[in-house]
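Remember, predicted model here, so these are calculated numbers, not experimental data. Residue numbers run from 1 in the order of the sequence given.
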Amino acid sequence: MLTKALRILKPRSILHRRSFSSSSPSPRLNPGAVSRTTAGAAEIEADDAVAYSDPTESPTAMPMMMQAHLQPRVVVYDGVCHLCHGGVKWIIKADKYRKIKFCCLQSKAAEPYLTVSGLTKEDVEKRFLFIEGLGSYHQASTAALRVVSYLPLPYSALNAFSIVPSPLRDSVYDYVANHRYNWFGKAEDCLVLKEKELLERFIDRDELIDRC
């Protein structure tokens, strides 16, 4: 009788285990963990590449694309302008953590940055360009304030001028920009070529060295 009972119970035991296995929910990822992972990936991409959003969302948004060879925190400026070059030298001296990089507008290396921002050389000659990172770029006084925000104190405190309305700030910027050649002069070629010790901070340094 005991043997017969065991034979009857054994299949039921097996069936019970199989039923438990098939009805048990499969492991699921914690949604919070997924969002944190995605956020972490976004932070990495922000440092290694520049991604661009729908240009209709913001007047300073860039076309949707991922350009692995573009770098964040790049200043594209008029390399033959004495005033602009003086500003670049000041930033390099103040930027002890080397967060900001530079590119002469006259270099071919500047062209991809102009393309993704939808600007022409003439636009950047009037107002310098600062590619900050994921989906954002700035020009004129806002660009200057965003640049100084990456500098250590006390220089970063200058970003407090952001509270001044941009039309007012840009009117002053444009007035100086329109007279800069008359007041400070214009060179025949990128002025950084005369100070090669600065080239290590330029993303177009190889191109500039070849022109020397």
Inset, instruction - Verify the cluster assignment for Val147 and Tyr173: are they in a single hydrophobic cluster under the rule of side-chain heavy atoms below 4.5 Å apart? - result: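 Yes, same cluster.
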Legend entry - Within one Ile-Leu-Val-Met-Phe-Trp-Tyr cluster: Val80 and Ile91, side-chain cutoff 4.5 Å: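 Hydrophobic grouping puts Val80 apart from Ile91.
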Once rounded to the nearest 0.5 Å, what's the spacing between atom [atom1] of [X] and atom [atom2] of [Y]?
X: Gln139; Y: Phe130; atom1: CD; atom2: CZ; result: 13.0 Å
X: Arg127; Y: Leu119; atom1: CZ; atom2: CG; result: 10.5 Å
X: Lys186; Y: Cys84; atom1: NZ; atom2: SG; result: 11.0 Å

Inset, instruction - Indicate the ring-plane relationship of Phe102 and Phe202, choosing parallel, tilted or perpendicular according to the 30° and 60° boundaries. - result: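 Tilted: the ring planes of Phe102 and Phe202 meet at 30° to 60°.
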Legend entry - Partners passing side chain to side chain contact (heavy atoms under 4.5 Å, CB included) against Lys99 (at least two apart in sequence or in another chain):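 With sequence neighbours excluded, Lys99 shows a side chain to side chain contact (heavy atoms under 4.5 Å, CB included) to Arg73, Asp95, Tyr97, Tyr150, given in chain and number order.
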Legend entry - Contacts of type side chain to side chain contact (heavy atoms under 4.5 Å, CB included), residue Val172, not counting sequence neighbours: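 Result, side chain to side chain contact (heavy atoms under 4.5 Å, CB included) vs Val172: none returned.
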Legend entry - Results of salt bridge (Lys or Arg N to Asp or Glu O under 4.0 Å) for Glu200 - residues two or more places apart only: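 Expected list: Arg98.
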Inset, instruction - Name all residues meeting the salt bridge (Lys or Arg N to Asp or Glu O under 4.0 Å) criterion together with Arg146; count only those two or more places apart in sequence or in a different chain, and write none if there are none. - result: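 With neighbours one apart ignored, the set is Glu132.
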Inset, instruction - Quick one: do Tyr137 and Val76 satisfy side-chain contact (heavy atoms from CB on, under 4.5 Å)? Show the steps, please. - result: CA-CA 11 Å; Tyr137 73 91; Val76 181; over 6 Å; no
Inset, instruction - Output, in order, the C-alpha distance, side-chain angles, deciding distance and verdict of side-chain hydrogen bond (donor to acceptor under 3.5 Å, both in side chains) for Ser171 and Asp174. - result: CA-CA 5 Å; Ser171 64; Asp174 290 338; over 6 Å; no
Inset, instruction - May I ask you to check whether Asn159 and Ser156 show a side-chain donor-acceptor distance below 3.5 Å? - result: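 Checked: Asn159/Ser156 side chains show no N/O donor-acceptor pair below 3.5 Å.
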Legend entry - side-chain contact (heavy atoms from CB on, under 4.5 Å) between Val148 and Leu151, worked out: CA-CA 5 Å; Val148 299; Leu151 302 179; 4.2 Å; yes
Legend entry - Residue pair Glu195, Ile92: steps toward the side-chain contact (heavy atoms from CB on, under 4.5 Å) verdict: CA-CA 12 Å; Glu195 300 181 79; Ile92 290 176; over 6 Å; no
Inset, instruction - State, yes or no, whether a side-chain contact exists between Leu208 and Val192 at a heavy-atom distance under 4.5 Å. - result: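 They are in side-chain contact.
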Inset, instruction - Test His138 against Leu129 for side-chain contact (heavy atoms from CB on, under 4.5 Å), laying out the working first. - result: CA-CA 6 Å; His138 311 280; Leu129 171 65; over 6 Å; no
Inset, instruction - Each residue besides Phe184 in its hydrophobic cluster should be listed here, by chain and number; the cluster joins Ile, Leu, Val, Met, Phe, Trp and Tyr at side-chain heavy-atom distances under 4.5 Å. - result: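 Besides Phe184, the cluster holds Leu83, Tyr175, Val176, Trp183.
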Inset, instruction - Output the rest of the hydrophobic cluster of Leu191: all Ile, Leu, Val, Met, Phe, Trp and Tyr residues reachable through side-chain heavy-atom contacts under 4.5 Å, sorted by chain and number. - result: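 Besides Leu191, the cluster holds no residue at all.
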